[in-house]
**Student:** 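This is the structure I have questions about; it appears just below.
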Amino acid sequence: MRIATWNVNSIRARVERVVDYIVREEIDVLCMQEIKCRDNQFPYEQFTAAGYEVVLHGLNQWNGVAIASRLPLEDVQITFPSQPGFGEPDADGNAPLEARAIAATVDGVRLWSLYVPNGRELDHPHYVYKLEWLRGLARDTAGWLAESPDMPLALLGDWNVVPYDHDVWDIREFAGSTHVSPPEREAFFAFEAVGLKDVVRPLIPEGYTYWDYKQLRFPRNEGMRIDFIMGSPAFAELVDSAVIARDERKGDGPSDHVPVVVDLVREGDEDDRPMIW
DNA sequence: ATGCCTGTAACGTACAGA
């Protein structure tokens, strides 16, 4: 089973590119972030014509997450229990929940498509929100692992955190910025503390997943590694290979992020690329 | 060329992104 995560930066703006890619690369399950649309605006037709079923959570032009799969999607869940809201509180004093998390189970594997808040500035309320969002997710993850330790689980998405200095082209450019601050890194590494690991990094130690549209960042290869697949022990032992699809940043109308892909193979399954296993 | 930012809402300009 081949699984990918991709911040598509508007699905309506580049549905052809996205569907072409998942068909060409035989992606079985695609976790998308920043679809930037509501359910009734999503281009379902192109996905269904290519053999993919789609579940999504999209409220408006901001954020939005989805999972497309050519294998059956089960137990779909929108938002995680500890997910905090952001913005003007309602009459009950609760800030609205944003469209940043959706989960589904595919052939016994639990997958979360996640768009972690950006944080904006270190002194911005969005930064506090980002840290609380990550801490809430880590707390829930610990619970899921305790409840179902044998079920392969992965948190896939745009984490908006730079774990290591070498995950950007020049750490000096990021002094005083979000993404690299110690509290953000602590919030990220807390997922390792509860038992997840980055399943791509051991296979692909170097490489970025995002390049800003501005200032010739891609031609200069001035990027950031911020899209990760964090897997439970049961998930990690299925991972056979990984790809960061850097070529998807080229050409006309790319997203500023590229797909991050893993192949899962079950013990005893010697097929190169089993579609059903 | 991988090239100086892009998408959405709304139709001029604001906001968000990392």
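Below, read A as the first sequence line, B as the second, and so on, with proteins coming before strands; counting in each chain starts at 1. These numbers come from a predicted model, not from an experiment.
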**Student:** Strictly below 4.0 Å, heavy-atom distances to any atom of DNA chain B: list the hits from residues 82-89 of chain A, or just say none.
**Tutor:**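 Correct list: empty, so none.
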**Student:** Considering only residues two or more places apart or on different chains, which pairs with a residue in residues 77-87 of chain A satisfy side-chain hydrogen bond (donor to acceptor under 3.5 Å, both in side chains)?
**Tutor:** Gln77(A)-Arg110(A), Ser82(A)-Asp140(A)
**Student:** Would you please name every residue forming a ring pair (Phe, Tyr, Trp, His ring centres under 6.0 Å) with Phe218(A), sequence neighbours left out?
**Tutor:** Trp211(A)
**Student:** Given dG7(B), dC4(B), dA9(B), identify the nucleotide with an atom nearest to the side chain of Ala13(A).
**Tutor:** dG7(B)
**Student:** Starting from P on dG7(B), measure out to CZ on Arg14(A) and report it in whole angstrom.
**Tutor:**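 Rounded to whole Å, this separation is 5 Å.
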**Student:** So, using ring pair (Phe, Tyr, Trp, His ring centres under 6.0 Å) as the criterion, who are the partners of Tyr127(A) when residues are at least two apart?
**Tutor:** none
**Student:** For the side chain of Ile226(A), counting heavy atoms from C-beta on, which of dG7(B), dA18(B), dT2(B) is nearest?
**Tutor:** dA18(B)
**Student:** Salt bridge or not for Arg2(A) and Glu26(A), using N-O below 4.0 Å?
**Tutor:** no
**Student:** Going by heavy atoms closer than 4.0 Å, what residues in residues 37-46 of chain A are next to DNA chain B?
**Tutor:**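 Gln41(A), in order of number.
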**Student:** Under the salt bridge (charged side-chain N to carboxylate O under 4.0 Å, His left out) rule, collect the residues that match up with Glu132(A), sequence neighbours excluded.
**Tutor:**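 Glu132(A): no salt bridge (charged side-chain N to carboxylate O under 4.0 Å, His left out) contacts found.
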**Student:** Could you tell me which residues satisfy side chain to side chain contact (heavy atoms under 4.5 Å, CB included) with Asn40(A), sequence neighbours excluded, listed by chain and number?
**Tutor:**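 Asn40(A): side chain to side chain contact (heavy atoms under 4.5 Å, CB included) contacts with Arg38(A).
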**Student:** Restricting to side chain to side chain contact (heavy atoms under 4.5 Å, CB included), what partner residues turn up for His166(A), sequence neighbours left out?
**Tutor:** Tyr164(A), Arg201(A), Glu206(A)
**Student:** Taking side chain to side chain contact (heavy atoms under 4.5 Å, CB included) as the definition, give me every residue that meets it alongside Val194(A), ordered by chain and number, with sequence neighbours left out.
**Tutor:**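 In terms of side chain to side chain contact (heavy atoms under 4.5 Å, CB included), with neighbours along the sequence ignored, Val194(A) is linked to Thr141(A), Ala142(A), Leu145(A).
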**Student:** Where do N or O atoms of nucleotides 15-17 of chain B meet protein N or O atoms at under 3.5 Å, pair by pair?
**Tutor:**
{"unit_1": "dG17(B)", "atom_1": "OP2", "unit_2": "Arg120(A)", "atom_2": "NE", "d": "2.9"}

**Student:** Pairs in or reaching into residues 73-96 of chain A: which pass salt bridge (charged side-chain N to carboxylate O under 4.0 Å, His left out), with residues at least two apart or in two chains?
**Tutor:**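 Salt bridge (charged side-chain N to carboxylate O under 4.0 Å, His left out) check on residues 73-96 of chain A returns no pairs.
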**Student:** Rounded to the nearest Å, what distance is computed from the NZ atom of residue Lys250(A) to the C1' atom of nucleotide dT2(B)?
**Tutor:** 6 Å
**Student:** Can you list every side-chain hydrogen bond (donor to acceptor under 3.5 Å, both in side chains) pair that touches residues 41-55 of chain A, not counting sequence neighbours?
**Tutor:** Asp39(A)-Tyr44(A)
**Student:** Does a side-chain N-to-carboxylate-O contact under 4.0 Å join Arg17(A) and Glu248(A)?
**Tutor:** yes
**Student:** Are Ser10(A) and dT6(B) close enough that a side-chain N or O sits under 4.0 Å from OP1 or OP2?
**Tutor:**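 Indeed not, no polar side-chain atom of Ser10(A) lies that close.
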